[in-house]
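None of these values were measured; they are calculated from a predicted model. Letters A, B, ... mirror the listed sequences (proteins, then strands); counts begin at 1.
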Number of protein chains: 2
Amino acid sequence: MYRIGEFSKICRVPVSALRYYSDLGLLPPESIDPESGYRYYSAGQLPRLNRILALKDLGLSLEEISAILDEDLPAGELRGMLRLKRAEIGQRVSEEQARLARVENRLRMIESEDRMPDQEIVLKELEDVPVVSIREVLSNPQDVGMLIADGYSALMPAGIMPIGACFSIYHDPEFDPTALDVEIAYPVAETVTDVPDTPGGRSFERRVVRGGRAAVTIHQGPYDMIDQVYTRIGKWISDHELQIAGEPQEAYLTAPDDPGGPVTEIRFPVA
Amino acid sequence: MYRIGEFSKICRVPVSALRYYSDLGLLPPESIDPESGYRYYSAGQLPRLNRILALKDLGLSLEEISAILDEDLPAGELRGMLRLKRAEIGQRVSEEQARLARVENRLRMIESEDRMPDQEIVLKELEDVPVVSIREVLSNPQDVGMLIADGYSALMPAGIMPIGACFSIYHDPEFDPTALDVEIAYPVAETVTDVPDTPGGRSFERRVVRGGRAAVTIHQGPYDMIDQVYTRIGKWISDHELQIAGEPQEAYLTAPDDPGGPVTEIRFPVA
DNA sequence: CTTGACTCTCAAGCTGCTGGAGACTGCATA
DNA sequence: TATGCAGTCTCCAGCAGCTTGAGAGTCAAG
């Protein structure tokens, strides 16, 4: 019979861990002196301990290990557990590989530019958004602002309050400033159905903008620099081995008179 | 100015996380109503939040991110940090890949045998062990027990108390039962220097057995089945794409009269 | 009998949140 | 004006697998 310290040396498992396993009932000592409370272990417990370590190495939790060792699980259930683990670990591997790629990317950027970028691009999961929207082909990109205002001035008097920032969707595969096919979308409650026409005579469509994975970034400042953002985001997407999977959106997050200047979120659905 | 819930919707970060970042000082709200305690955020804070998310995606801790964002770290230090991260993640990737391989291995084993093995083999890190040892070529493997006893009966009267279980080292590249080159090692304190000869006239050597990574397993039961353990451990090592990197050791963990029967630990240095 | 190494039992800490309890606040409706 | 009710606030606990530390008791040797 060994005291916990000697046993710890033999099995090369820290004393604190042995005590923890003992508390969990995962590896109870062979005997405990009722007077001193000293734990006594025997060499015969080493196989069990090794089984614990091996299963832990497979990524199983101590609780799962407990179940396996003490409840004498049927082989089928064990197989199921391991298959689950396999999937889980496979997932983690690819996540970590992606993370590694991101870090290396960032390192290259730092080496070449000697600093971090000002705007960051991040992957986010977008939800489906019920909206009312107007779509039009504009001959002048500057008219987008007017179109937005038009929409608001039709919705407000009709008692329809957008429940989130309005955003535009650019339907052109290529950006064409002389014929800009743009849709302005106002998020609304699902209950909204009847929508008036705009003062300009345009009619709203009621639809749901589908969500999903998107590369997202924030542009802060004057609007005319925004094409640089598109360039950067395009590069980012190809760098990360993703593909554009939908039309880009721009969400206008500030009121027109915001003292901090305009803030725009650019979203690129990807897959 | 947005309340926390609206801001949370915009940036798609849970309210609880925003509150946490606020408490850490990582993303303090633009203002806090002193009466109600309500946090108010502005769209201008989104770039900072995105930076936080992007850095978190690289695997940096919130504390590190804090330092990067607020202390305006020089690019050099940043590079260092990222290189460290890269190494760390690379390590994790290969660990997880190894784990995946282990799980798949185990799954194959279960499919073919329909149960878990009785003895587990685990990788452990051995420490350097100062020992006194005797080495001899035996014509009969059975004589190992005698050799061990011989050693003890020379050490004890000399006042030298081994501080751990004695173990044997098998120096044969191939197991040859008619000429077994075996060394019996008794772990001793570093202060021990002078060692007597054995009753049989053999002389001890004072040396340090080098540690390192080893595949380790426990054999419980009669000694004559031990060759199976060697077979299994050899297969395990090649299965795990490791290589034998030293002579195998056997540690005798029970006293000869232990009621639980003998327990032996078999160790194979690997790399 | 003392010393020093070991052991015991609690409790807290790590990381990045999440979830819940109990109390307020703010806006909209009856 | 009262009343909801959704949103917000501040704690506090929990996760997983230990590790660390405090304060107290135990064991073997000198």
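Across the protein-nucleic acid pair, B:Y20 atom OH and C:dG20 atom P stand 19 Å apart, rounded to whole Å. Spacing between atom CD of A:E88 and atom P of D:dA16 amounts to 12 Å, rounded to whole angstrom units.
Taking the side chain of A:L62 as heavy atoms from C-beta on, and the options D:dT19, D:dG17, C:dT18, the nearest nucleotide is D:dG17. Among the nucleotides D:dC18, D:dC27, C:dG16, the one closest to any side-chain atom of A:Y38 is D:dC27. Considering only side-chain atoms of A:S61, the nucleotide from D:dT19, D:dG17, C:dC17 that sits closest is D:dG17.
Contact check, A:Y21 against D:dC18: a side-chain N or O comes under 4.0 Å of OP1 or OP2. Not one side-chain nitrogen or oxygen of B:R3 sits closer than 4.0 Å to the OP1 or OP2 atom of C:dC27. For C:dT18, the OP1/OP2 oxygens have a side-chain nitrogen or oxygen of B:S16 closer than 4.0 Å. Note on A:R39: every side-chain N or O is 4.0 Å or more away from OP1 and OP2 of C:dT7. Within the structure, every side-chain polar atom (N or O) of B:R19 is placed at least 4.0 Å from both OP1 and OP2 of D:dT8.
Within the 4.5 Å cutoff, the side chain of A:F7 has no heavy atoms near those of the A:V13 side chain.
Across all strands, B:L24 comes closer than 4.0 Å to no nucleic acid atom at all (heavy-atom distances).
Although no hydrogens or angles enter the test, the distance criterion places a donor-acceptor pair under 3.5 Å between the side chain of B:T254 and the main chain of B:V263. B:E77 places no side-chain N or O within donor-acceptor distance of the main-chain N or O of B:P74, the cut-off being under 3.5 Å.
For the side-chain contact (heavy atoms from CB on, under 4.5 Å) with A:L58, the qualifying choice from B:V103, B:L100, B:L107 is B:V103, the only one to do so.
Mapping B:D33 and B:E63 onto DNA chain C by nearest heavy atom places B:E63 at the nucleotide closer to the 5' end.
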